[in-house]
Number of protein chains: 2
Amino acid sequence: MNIGHAAKATGISTKMIRYYESIGLISPAHRSQAGYRVYTDDDIHALRFINSARDLGFSVEQMRDLLDLWGDRSRASADVKALALAHAAMLEEKARSLQDMSRTLRHLADNCHGDDRPDCPIIDEFAVAPPPRELRKRQPRFGVAAQVYSPAR
Amino acid sequence: MNIGHAAKATGISTKMIRYYESIGLISPAHRSQAGYRVYTDDDIHALRFINSARDLGFSVEQMRDLLDLWGDRSRASADVKALALAHAAMLEEKARSLQDMSRTLRHLADNCHGDDRPDCPIIDEFAVAPPPRELRKRQPRFGVAAQVYSPAR
DNA sequence: GCTTGACCTTACCATCATTGGAAGGTGCAA
DNA sequence: TTGCACCTTCCAATGATGGTAAGGTCAAGC
């Protein structure tokens, strides 16, 4: 199976498959005589694993940990569970934070006429509110896959 | 007021202030004889506005739209409200998506012994689940500030 | 006046996951 | 043989941010 076929079979683009190989997330594929990458069923299995983990918001580094555990069947269960639960907690925290943002925005919008009058608290409050000396700790500017916990290695 | 002072007054790093200038989000600051950037109260006002919008998850492009509306007071209210509500809706959708991910993970973890036995559905289901021919449309791989709506220009 | 240290300047490079393109080689079918 | 779809590697860009290096400036203390 060549890389295009593997991409269709796993939902990961050929670009990303090569990238994952280049960063060592997956082991280098075997090559045909012409130099084409050739994928076995086991490779496909691993790529599907990666695709699922990616859909669940795991970062590449987290996937690396999961794949290590996968390879090390003897100690998989407990560690994987801990990793998954920690990740779930982080996802929930992100979700809460997004909801807070949304609530703030809707609150501002509620006090905005929405007609042609120029005064609108969305604009005014934004500008007026002083940045109080970092009580709100600067969030890592967000991307779901940010590493927030250091996983059990 | 020079850039360091402006940074402390607004909560935006000097790096980012220069960056925002370089991409045209803010107009170029006046310069002192020595070439130092000099900021007026109006500039500080704009930077605070940006800081608040950033905290609410707006992308640079979205902030650009908001700043345009800010400058164009005659039609601000309705457009800003629409922009804010659309953004709020997007934030909620992201939050829901994160919660779905979390729920899936916790569900998998529930069926994982968490002891030394090697079988753990977190691992097994990941790998087994086939990637059904793109029913789940590939999410834009997430960052809160992704442009999802095209704002009223 | 000189030194010191804190600030400023520009210009790069790195990050993370991903996409795009260019330039060239390969496989297969008509 | 031609053509097209696929493959290869390499290089660059994205967005928002952090870092660093090499050099200029300012103000205080001596």
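Throughout, a chain's letter reflects where its sequence line sits, starting with A, and its residues are numbered from 1.
If you take OH of B:Tyr19 and P of D:dG19, they are 17 Å apart, rounded to a whole angstrom. Whole-Å rounding puts the B:Ile17 CD1 to D:dA16 P distance at 16 Å. For the pair A:Met16 CE and C:dT19 P, the computed distance is 7 Å after rounding to whole Å. In this structure, A:Asn2 atom CG and C:dC28 atom C1' are separated by 13 Å, rounded to whole Å. Taking atom CZ of residue A:Arg18 and atom P of nucleotide C:dG20, one finds them 13 Å apart after rounding to whole Å. One can place CZ of A:Phe58 at 13 Å from P of C:dA17, the figure rounded to the nearest angstrom. Separating the CD atom of A:Glu61 from the P atom of C:dC16 is a distance of 7 Å, rounded to the nearest angstrom. For the pair B:Ile3 CD1 and D:dC26 C1', the interatomic distance rounds to 16 Å; values are reported in whole Å.
Which of D:dC7, C:dG20, C:dC12 sits closest to the side chain of B:Lys15 comes down to C:dC12. In this structure, the nucleotide among D:dG15, C:dT19, D:dG18 sitting nearest to the side chain of A:Ser13 is C:dT19. The side chain of A:Thr14 lies closest to D:dC7 when the candidates are C:dA17, D:dC7, C:dC8. Closest to the A:Val60 side chain, of the nucleotides C:dA17, C:dT19, D:dC7, is C:dA17.
Side-chain rings of A:His87 and A:Phe58 approach one another, their centers coming within less than 6.0 Å.
Put simply, the side chain of A:Glu92 does not reach to within 4.5 Å of the side chain of B:Leu98, judged on heavy atoms. Here the side chains of B:Ile3 and B:Tyr39 are in contact, with some heavy-atom distance below 4.5 Å.
Here the CG atom belonging to B:Leu85 is positioned 6.0 Å from the CZ atom belonging to A:Arg106, to the nearest 0.5 angstrom. Taken to the nearest 0.5 Å, the CG atom of B:Leu91 stands 10.5 Å off from the CG atom of A:Asp100.
Looking at every heavy atom in both residues, B:Arg54 comes nearest to B:Met63 through N-SD, 4.0 Å.
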Would A:Arg64 and A:Leu67 count as a side-chain contact (heavy atoms from CB on, under 4.5 Å) if you check the C-alpha gap in whole Å, the side-chain angles of each, and the deciding distance to 0.1 Å? CA-CA 5 Å; A:Arg64 212 187 288 273; A:Leu67 285 169; 5.8 Å; no

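Residues from residues 21-39 of chain A lying near DNA chain D, meaning a heavy-atom separation below 4.0 Å, are A:Arg31, A:Gly35, A:Tyr36, A:Arg37 in numerical order.
Between B:Tyr20 and D:dA16 there is no side-chain N or O to OP1 or OP2 distance below 4.0 Å. OP1 and OP2 of D:dA16 both lie 4.0 Å or more from every side-chain N or O belonging to B:Arg54.
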